[in-house]
**Student:** 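Before I ask anything, let me first share the structure, which is written out below as structure tokens.
So you know, we letter chains A, B, ... as the sequences are listed, proteins then strands, and number each from 1.
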Amino acid sequence: MATTLPRNADVADQFELLADLLELEGTDMFQVLAYRRAASLIRETPRPIAELALAGRAKELPGIGATIEGKIVQIAEVGEMEALTKRKQRVPPEVVSFMRLPGLGPKTVRRIWQELGVTTVDELRRAAELEQLRTLRGLGAKTEENVLRALAAKPAGPPRTLLGAALPALLAVVAVLRDHPAAELVCEAGSARRRRETVRDLDIIATASDPKALTAYLTQLEWVAEVSAHGPTKATVVSQNGLRFDLRVVPPHSYGNLLQHFTGSKHHNVALREDAVRRGLSVSEYGVQDVETREVFQTRSEEELYAYLGYQFIPPELRENRGELEAARRGGLPARLVEHGDLRGDLHTHTNWSDGRNTVEEMAVAARERGYEYLAICDHAQRLRGGGLERQAAEIEALRERVEPLRLLRGVEVNVRADGSLDVSDDELAGCDWVVASVHSGFDRDPTGRIVAAMQNPHVDCIGHPTGRKINRREPADVDVTRLIESALATGTALEINSQPDRLDLIDAHARAAAEAGVRVVVNSDGHGIETLQYVELGIAQARRGWLTADQVLNTRPWPEIAP
DNA sequence: GCCGTTTTCGGCCCGACTGTTTTCAGTCG
């Protein structure tokens, strides 16, 4: 048996590859779909799936049965499931990649492979150039053209844009459109409305007294660099900085149906429609049809739509098919998720004592202007060597009265070293109001053990950005979040949702698991300047995606209730 | 392969678009 268990992402990768290979072999597509669903479920499950499977408990997850659990056990025990090992020998490895070319699906790829004997990308290019693809029934010159264009394009698409970069722009566009005289209802949709951490296109749904005027208005805004599509009810534009906005003007009587459809997620909508079918209802973006009476229900309001289908209203952040439909059906959703306005303070910020851009006073004044009751200054301990921490403490002390009623807290961000020790002595930590401990290097050197060790220190109040991931740049460290949660619970240590746009760490699923276990979760900006204190809006969005209520977020409480 | 407020067998979301076809399969979101 392997000594270390495979990560959920590795297990999920194997199921996805298996699904691809089965699809190419022409296996029943519902079986393929079952593997795909299992893969995405495994990917976002906070608990180690291999451990669950070995204990015979993976079956408790909806979508995993005895067969898939058995395959997970094989992965845990020998590294790869048998079904995959067998099929990898039958299908040439590059053939799978053909399916990622736009326009080529499993059926077409299979015929190109088996009927033309094409097994590599180079051979595929040659077959298209030599006009051999068109010898297959159903393929023509256009297909060859598309294949060649796709092969000539850059291999991977652009990385997804950070929500933190896209959302302010999107909300600004929504506001501008709302101001137009022809506009009635305007709302962002898609993954940005669900506040996913990264987005591709930015969707906007609107109703208007004069749809043509509204779409035309969008295409003429000064920041528009390119108009990709422009019709009477739809327009797509690209901004100077490369963001793609998609505006759809829809009829007011079905605005609710369309907004719901275009908000997604796909998985949420599929599950919602499957559930509806079982009750004799057919759901589409145009309405809900009663299959027997043929009557169609259309509504201006999403709230009414969910109510009609028998659900509590489901906030967009929860629409990922992670149990929200079942919960909403039995009235089990949180009555109210945490909101930005619930925050009473920020417990992780930096100043120009380390790598921040503003002074302690500037940060304090900005925090007070935001309406905070408290602010912890947590500069990097490394930069405060040689008595810096003490001198900064004196400055904070001297400022306290001047920034009232804000409560200015002496904090510090200490580094968890490779051996699990901290870079500040216990004596110095004892003088601080709030201590954040974070891993900043050596991510592959037992991160779990080091963080757990740091939590044992009674002065450590919070673990900063627990997995260290940076979206699009650095994978999360191989942190066993379940162990972190257990240890945080035992030691009373808080876990951070770091709101930096490229961190958002903990992720939603981990924050949810932590809060459900009773761990104190803190939403911090990690702001390095006054203008970045507002990043907490992203952290709050992440917390909402993790189903967190205000009760479960530590810094919605007054400082005396938090003070260690 | 999974699952059950019509089912332990027989189902499994919906509609638009594309390219290729004379009625539709495959792909996409």
**Student:** Decide, yes or no, whether a salt bridge links A/Glu144 with A/Arg134 under the criterion of side-chain N to carboxylate O below 4.0 Å.
**Tutor:** yes
**Student:** Using whole Å, report how far CG of A/Asp275 lies from P of B/dC12.
**Tutor:** 14 Å
**Student:** Can you check the distance between B/dT23 and B/dC28, where both ends of the measurement are the P atom (answer in whole Å)?
**Tutor:** 25 Å
**Student:** State which residues pass ring pair (Phe, Tyr, Trp, His ring centres under 6.0 Å) with A/His510; sequence neighbours excluded, sorted by chain then number.
**Tutor:** none
**Student:** Which whole-number value in Å describes the distance from A/Met81 CE to B/dG1 C1'?
**Tutor:** 12 Å
**Student:** In this structure, how many angstroms lie between the P atom of B/dC2 and the CG atom of A/Leu18, rounded?
**Tutor:** 12 Å
**Student:** Taking the C1' atom of each, how far is B/dG15 from B/dC9, in whole Å?
**Tutor:** 29 Å
**Student:** Of all the nucleotides listed (B/dG26, B/dG1, B/dC12), which has the minimum atom distance to the side chain of A/Ala34?
**Tutor:** B/dG1
**Student:** Just checking, A/Arg300 and A/Tyr255: is the charged tip under 6.0 Å from the six-membered ring centre and within 45° of the axis?
**Tutor:** no
**Student:** By nearest heavy atom, map A/Arg137 and A/Leu101 onto DNA chain B; which one lands nearer the 5' end?
**Tutor:** A/Arg137
**Student:** Could I get a table of every N or O pair under 3.5 Å where one atom is in the protein and the other is in nucleotides 3-10 of chain B?
**Tutor:**
residue : atom : partner : partner atom : Å
B/dC3   : OP1  : A/Gly63 : N            : 2.6

**Student:** Look through every strand shown and name the nucleotide pairing with B/dG29 as Watson-Crick or G-U wobble, where both distances are under 3.5 Å.
**Tutor:** B/dC14
**Student:** Using the C1' atom as the reference point in each nucleotide, state the distance between B/dC3 and B/dT7 in Å, no decimals.
**Tutor:** 10 Å
**Student:** Got a list of side-chain donor-acceptor pairs under 3.5 Å for residues 46-68 of chain A, not counting sequence neighbours?
**Tutor:**
residue : atom : partner : partner atom : Å
A/Arg57 : NE   : A/Glu60 : OE2          : 3.1
A/Arg57 : NH2  : A/Glu60 : OE1          : 3.3
A/Lys59 : NZ   : A/Glu69 : OE2          : 2.7

**Student:** Among A/Arg544, A/Arg194, A/Arg322, which residue meets the salt bridge (charged side-chain N to carboxylate O under 4.0 Å, His left out) test with A/Asp508?
**Tutor:** A/Arg322
**Student:** Give the nucleotide from the list B/dG1, B/dC28, B/dC13 with an atom nearest to the side chain of A/Lys266.
**Tutor:** B/dC13
**Student:** For residues A/Asp20 and A/Tyr35, is any side-chain donor paired with an opposing acceptor at under 3.5 Å?
**Tutor:** no
**Student:** Using whole Å, report how far CG of A/Leu33 lies from P of B/dG11.
**Tutor:** 17 Å
**Student:** What is the distance from CZ of A/Phe30 to P of B/dG11, rounded to the nearest Å?
**Tutor:** 11 Å
**Student:** Using the ring of each side chain (for Trp, its six-membered ring), is A/Tyr306 parallel, tilted or perpendicular to A/Phe313, with breaks at 30° and 60°?
**Tutor:** perpendicular
**Student:** What is the separation between atom CD on A/Gln260 and atom C1' on B/dG29, rounded to the nearest whole Å?
**Tutor:** 14 Å
**Student:** Please state the C1' separation for the pair B/dA25 and B/dT21 - nearest whole angstrom.
**Tutor:** 10 Å
**Student:** B/dG11 and B/dT6: how far apart are their C1' atoms, nearest whole angstrom?
**Tutor:** 12 Å
**Student:** What is the distance, rounded to the nearest whole Å, between atom CG of A/Leu309 and atom P of B/dC13?
**Tutor:** 16 Å
**Student:** Would A/Arg37 and A/Glu44 pass as an ion pair if we require N to O under 4.0 Å?
**Tutor:** no
**Student:** Atom CG of A/Leu136 to atom C1' of B/dG26: distance rounded to whole Å?
**Tutor:** 14 Å
**Student:** Could you list all N or O pairs between the protein and nucleotides 15-19 of chain B that sit under 3.5 Å apart?
**Tutor:**
residue : atom : partner  : partner atom : Å
B/dA16  : OP1  : A/Tyr286 : OH           : 3.3

**Student:** Strictly by ring pair (Phe, Tyr, Trp, His ring centres under 6.0 Å), give each pair with a member in residues 179-202 of chain A just once, sequence neighbours left out.
**Tutor:** A/His180-A/Tyr217
**Student:** Looking only at the side chain of A/Lys107 (C-beta and beyond, no hydrogens), which of the listed nucleotides B/dG1, B/dC13, B/dG26 gets closest?
**Tutor:** B/dG26
**Student:** Should A/Glu320 and A/Arg196 count as an ion pair when the cut-off is N to O under 4.0 Å?
**Tutor:** no
**Student:** Taking B/dC2 as the reference, what is the distance to B/dT8 when you measure between their C1' atoms (whole Å, please)?
**Tutor:** 12 Å
**Student:** Checking A/Phe262 now: which residues fulfil ring pair (Phe, Tyr, Trp, His ring centres under 6.0 Å) with it, not counting sequence neighbours?
**Tutor:** none
**Student:** DNA chain B: A/Leu281 or A/Tyr35, which has the more 5' nearest nucleotide?
**Tutor:** A/Tyr35
**Student:** In whole angstrom, give me the gap between the P atoms of B/dT18 and B/dT5.
**Tutor:** 40 Å
